[in-house]
Amino acid sequence: MLKARLFLWLIKIEILLLIGLYIHSHFMVGLREREIYGKRQLVRELSLTDMALFTEARYTRDISQADMFTPFQDFPSSFDHFPAGSIIEPNRDNVRGR
Amino acid sequence: MVRIEGISKVYNTGLPDEMLAITDVSLEIGRGEMVVLKGPSGSGKTTLLGIIGCMVRPTQGKVVINDKDVVKLPERFLTQIRRKTFGFIFQHFNLIPGISVRENVCLPLYPTNIPHAVMKDRVQAVLKSLEIHHKINTEVTRLSGGEKQRVAIARALINDPEMLLADEPTAHLDSKLSEDLIVILRRLSAEGKTIIIASHDTIVYDKPYLNRIVEMRHGKVIDVVLREPLPAIQ
Amino acid sequence: MKKHYRILEYALSSLLRRKYKNLALFFIYTLIVCLLSSVMFLTHSLKQEAINVFIDAPELIVQRLLGGRHDLIPLSYVDTIKSFPGVATVTPRFWGYYYDSLTGGNYTVMALTSNASLNLITGRMPEEGECAVGKGVAQARQLDINDALFFTLASEQKLMLKVVGIFTANSSVLTNDLVIFDKNDVIRFFALDKAKATDLMVKINNESEIATVANKIKRTLPDTRPITRSEILRTYENVFNWRGGMALVLFCGALLAFFIFAWDKATGLSAEERQEIGILKAIGWETSDVLTLKFWESTVISFTSFLTGVILGYIHVFEFGGTIFVPILKGWSILFPPFDPMPYIDLYQIVVIFFLTVVPYLASTIIPSWKAAIADPDTIMRT
Amino acid sequence: MTKKAILTLLALAMYLVTVRAGYTAEPQKPNNKDKCPVCGMIVHPHPQWLAQIIFKDGSYAMFDGPKDMLKYYHNMAKYNKEKTQVDISDIYVTEYYTTKPVKAQEITFVSGSDVMGPMGREFVPVSDDKVKGFMVDHKGEKSIKFADIKAADLTDEKTDHHKKGY
Amino acid sequence: MILHPGILALFIGEGLVIAMSLYASLLGVEVLRRWDINSSSEEQLRLERRTYLISTLMMYVMFYEVLSLFLYIYTLDSIHVIFVGAMCATGTLNANDIGWYALYIKIIVFFLSSSWIAINYLDNSAEDYPLVRAKYKLLLLITPFIVFCGFLLVKYFLGLKPDIITSCCGSLFSDESKKVSGSLAGLPIKAMMVTFYASATLLLPLIVLSITLRNSFLKYLTAVNSFAFFFISMLSIISFISIYFYELPMHHCPFDILQDTYGYVGYPLYSTLFTGVFFSLISGIVEPLKKIQSLTKTVERAQKMWLAISAIGIIAFVTISTWPIIFSSFKVDM
């Protein structure tokens with residue numbers, strides 16, 4: 001029953017590895033807590049509201065500040081700024097509701 | 001041991017290629033007998049063997065094995081009977097390539113809950129009795145014809161069945177190996193196993209120690225030659 | 001148990017017998033799981049980071065809308081808002097965008113709102129005539145501390161600034177395209193109306209009061225749009241869900257193709273396999289045993305691929321910064337922050353990946369397995 | 001195990017000593033373990049509701065909301081057998097709009113509003129000048145000073161709402 | 001609609017399960033119409049082989065239902081952030097009434113499909129397959145539930161909009177809520193505790209007696225009792241077990257215990273309860289099958305095993321729920 005034993009070992013090792021990675025992730029998060037603290041400080045002191053992930057257009061740069069009209073404004077002949085714009089939904093959330 | 005009454009088997013009922021394999025066959029085989037089903041190919045030997053071995057369900061008739069009517073039994077229970085009662089030796093050895101002799105021989109035991117240790121001992125014993133114990137870890141495609149045949153027999157014996165069914169066992173062997181095979185079967189018969197061989201090879205059905213020769217033609221039994229069983233060899 | 005163990009053993013032999021086919025299957029499967037889990041890990045990590053970081057975002061941002069567009073807000077609103085109970089401070093923000101024709105990048109220009117010293121900056125925060133820049137800007141313009149930086153919009157609107165601070169690389173996700181000026185510089189550079197600001201930042205003491213204040217602002221100043229902190233957080237929650245979902249839709253195509261392949265592999269029962277199952281059934285295997293065998297075969301494939309894929313996905317995202325995705329996500333933005341996501345993972349992610357990959361695969365193998373399992377045992381005798 | 005226990009005791013003893021020594025009737029910051037003696041809830045996740053009673057010997061009791069503090073105050077025999085109302089130095093509650101600790105006597109409590117504390121309906125502490133606005137914004141029913149709150153009001157409140165509910 | 005990976009996974013899974021159960025019942029109809037155990041025709045052989053497919057399909061369906069129940073709640077829990085006012089799965093469920101029905105039906109489907117597996121197991125151990133017809137009729141009964149459950153689930157998630165303002169568990173499961181859930185939470189703790197422990201102490205000896213004695217009445221009694229125990233336990237979880245886990249006297253939510261913060265204790269809690277109740281229920285349900293001669297022995301053997309599992313499940317459930325009551329310093333004012 002060699003193959004089955006080897007296979008079960010492989011599975012066990014992979015599961016252990018996965019658990020190891022899970023622990024590693026917690027460890028890393030703990031280790032980088034200062035970084036998060038620093039970022040929170042940045043957000044607080046510079047009064048930031050958005051991540052600098054996509055700088056193609058206003059509505060992708062400042063997702064939470066954008067309104068429903070923004071996708072139309074930037075470049076008339078283009079519907080969108082690919083790829084960022086195709087992944088980011090125009091922000092319905094803040095406009096409606098209240 | 002096995003009683004067959006008025007068995008018929010039709011393949012592909014209702015289809016254009018409907019085929020009558022055997023018609024109205026009755027037969028009774030007692031415990032410890034050694035029987036040959038003789039006849040040209042297409043005469044229904046294999047079908048009859050399949051019916052006896054619970055692999056083929058007859059269209060009509062009754063099959064009684066160890067006092068139990070098996071025709072109506074669902075497949076799940078047929079398999080259990082088959083596993084306990086029969087060992088099969090096939091024309092083409094039908095070993096599974098890519099795995100060792102040991103694994104091939106053990107295969108019938110895999111779906112059971114027999115402990116590993118018991119299984120191990122049994123394989124050793126069976127292979128030893130067939131004198132191919134030294135090849136236990138060899139991959140089966142590396143074996144010679146005779147060795148393959150022995151492994152096939154070992155696999156048939158691993159369940160310690162009451163009955164061995166062999167379908168043209170000598171078809172792919174030369175006469176020397178065929179003789180060897182017959183000797184082995186003879187020995188097993190002497191040990192009390194019921195043996196049924198389907199064959200049209202003279203080497204097989206000319207043997208004096210056969211209890212019965214059933215001759216088949218066009219799906220019918222045309223002749224049954226009965227002989228007194230010989231005393232078991234010591 | 002013994003029975004399953006032994007059938008597993010045989011299943012492994014049987015998989016090994018068709019080594020190349022199954023290895024190919026394993027690799028494709030692993031690749032798909034790896035890509036899928038990378039997407040999930042990356043989006044979850046960014047989302048989690050947004051939630052952890054923007055918890056300190058302003059409680060309320062008040063924008064003015066004019067004809068549906070964002071417009072400058074009069075500073076006279078400050079006092080109105082300040083008079084509402086529960087409002088601690090109201091601070092005007094001055095910010096905007098600057099297209100740098102030299103590099104083709106878009107910068108975000110912000111005025112300093114406080115003078116606190118920061119951890120994630122080398123150098124210091126700027127005073128009048130100085131600026132602090134994000135890592136991305138610094139790299140694009142090849143800047144170092146004390147270098148001069150020139151901005152121009154029109155003949156009157158130009159600035160020559162000294163770089164006194166550069167945000168550290170690990171803050172890039174927030175600061176990559178930022179250029180921080182002093183307030184007066186921003187007003188001068190953008191030629192802003194003295195009585196107006198870009199928007200107002202409102203601090204509120206009690207969290208339970210935010211919604212009430214927002215409502216009041218909306219009521220008393222109908223041309224404004226208040227954006228609460230919880231809305232910012234929810235935006236990020238939604239965006240990355242959408243993002244994760246978007247990628248999932250793309251991957252669904254790939255998954256489908258893969259399952260069709262798997263189905264094809266399983267249905268196209270070769271004569272050899274049929275023979276093998278015939279033998280097993282002839283020597284005493286029952287239909288359900290063969291089904292168990294097939295179940296183990298697919299389980300072995302799917303579990304090893306799933307585990308390997310998830311592990312590789314983790315390593316890909318958190319050790320190599322999602323190298324595969326960068327070219328896809330980058331598009332034509334010049335300033336794209338390097339990904340160094342925090343390894344936030346959630347068991348839920350892994351459960352979902354399991355449901356998306358293993359469940360459909362197992363389901364797609366049921367009928368083919370059954371078709372194989374019902375093979376007549378006597379087929380081997382008849383051939 | 002025992003070693004750990006001894007260490008903990010030691011730390012606790014030292015803590016108490018320092019607390020006693022450095023006693024002022026200043027409002028305290030809750031630590032991670034401070035629990036409300038009335039309901040058993042850990043109080044630090046709800047800083048904007050925090051209420052506390054500081055005793056003359058420097059010990060204190062933290063509550064997850066003014067309602068529990070009032071329950072405690074009006075039934076000290078049940079919750080704290082060693083102390084009576086006489087031993088109390090100061091009572092602090094957290095003002096709703098400023099989220100700063102304020103002495104309970106200097107403030108108005110509003111009941112029946114739509115603002116929910118961690119324990120549901122609350123006596124919301126609002127500074128006197130903002131009571132009117134609060135009553136309008138949050139549909140408050142009754143405003144009352146600390147001294148006027150009777151033990152009966154605390155039980156009444158619940159049945160009141162039950163009557164309304166069904 | 002919210003395009004969330006978890007929802008997508010549920011959609012795919014639900015679609016597969018619906019397809020599988022529909023196919024299974026289609027095959028089942030044919031088996032019902034043509035089944036003749038006494039025939040040895042090829043037709044009968046084909047039908048017999050179909051039964052393997054049907055039972056395999058149902059096995060997968062059952063496993064899926066078990067797993068997806070947890071995935072469903074887990075997903076609800078993880079998307080609660082999107083809704084204003086939601087703090088856990090309850091909030092997400094409240095966003096749209098259908099969610100609750102989908103949850104109830106999912107639980108029912110889980111019980112039905114596992115009963116089917118149990119009955120199938122018994123039937124397969126008798127040579128004459130005495131339950132074939134009953135089994136496939138039951139299958140035809142289960143399929144609509146599965147389809148309906150999938151339909152509700154899809155309708156529920158499609159109907160969710162991110163800006164729905166919902167109410168959370170804090171307001172639903174509070175004494176002051178006007179809804180049924182509120183009155184559940186407002187149940188007097190002491191009385192509920194007495195009822196809970198009384199019913200547990202009644203049920204456990206009953207199970208033990210059922211294992212040792214062959215009396216049929218006892219089996220029925222156990223089944224009925226365990227059924228009652230299920231509801232009592234659910235009420236107890238809302239009324240007092242949950243608050244001991246949260247250490248919050250006003251927090252009665254039955255879903256928050258599934259969260260990370262409480263060490264996922266809800267998963268073992270609910271799974272032990274479900275296991276315990278299911279196995280004593282099913283031993284009662286199969287009791288009449290003892291009358292069929294070919295099944296008597298198997299039924300008895302299976303009942304013993306099932307009741308033993310049930311006892312273990314219920315003991316584990318009671319232990320888990322009692323643990324914080326005894327060992328935490330948290331005290332509730334009764």
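As the structure is a prediction and not an experimental result, all values here were calculated from the model. Each chain gets a letter, A, B and so on, in the order its sequence line appears, and its residues count up from 1.
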>> Does atom CD (C/Glu272) have a neighbourhood of more than 12 heavy atoms from anything else shown, all under 6.0 Å?
In response: no
Okay, B/Arg82 and chain C: the region with an atom under 4.5 Å from a heavy atom over there is side chain
**Message:** Could you go through B/Ile96 and C/Leu280, starting from their C-alpha distance and side-chain angles, then the distance that decides it, and tell me whether this counts as side chain to side chain contact (heavy atoms under 4.5 Å, CB included)?
**Reply:** CA-CA 9 Å; B/Ile96 289 177; C/Leu280 290 178; 3.9 Å; yes
Taking every heavy atom of B/Pro111 against every heavy atom of C/Gly284, the minimum-distance pair comes out as CG-O, 4.3 Å
**Report entry** Atom NE2 of B/His218: over 12 foreign heavy atoms under 6.0 Å
**Finding:** no
Residue from B/Gly98, B/Gly50, B/Pro108 scoring the most non-hydrogen pairs under 4.5 Å with chain C is B/Pro108
Do C/Lys281 and B/Glu75 come within less than 4.5 Å of each other through their side chains, counting heavy atoms only?
-> yes
- Could you tell me whether B/Glu103 and C/Arg6 make a salt bridge, using a distance below 4.0 angstrom between a side-chain N and a carboxylate O? no
Applying a strict 4.5 Å limit to non-hydrogen atoms, the region of B/Leu109 in contact with chain C is backbone
Within the structure provided, determine whether B/Arg155 and C/Ile279 are in side-chain contact (heavy-atom separation under 4.5 Å). yes
For the CZ atom on C/Arg274, are there more than 12 heavy atoms of other groups (residues, nucleotides or ligands in this structure) within a distance under 6.0 Å? no
Q) Is C/Asp289 salt-bridged to B/Arg83, going by a charged N under 4.0 Å from an acidic O? A) yes
_Is the ring pair B/Tyr110/C/Trp285 parallel, tilted or perpendicular, if the boundaries are 30 and 60 degrees?_
tilted
Shortest non-hydrogen pair, C/Ala282 vs B/Phe90, comes out as CB-CZ, 3.5 Å
Looking only at B/Pro115, B/Gly87, B/Ala156, B/Gly53, most heavy-atom pairs under 4.5 Å shared with chain C are made by B/Pro115
Is the number of heavy atoms from other residues, nucleotides or ligands within 6.0 Å of CD (C/Glu319) greater than 12?
yes
Looking only at heavy atoms, the pair that brings C/Lys3 and B/Asn113 closest together is N-OD1, 3.3 Å
Nearest heavy-atom contact between C/Arg17 and B/Ile99 is NH2-CG2, 4.5 Å
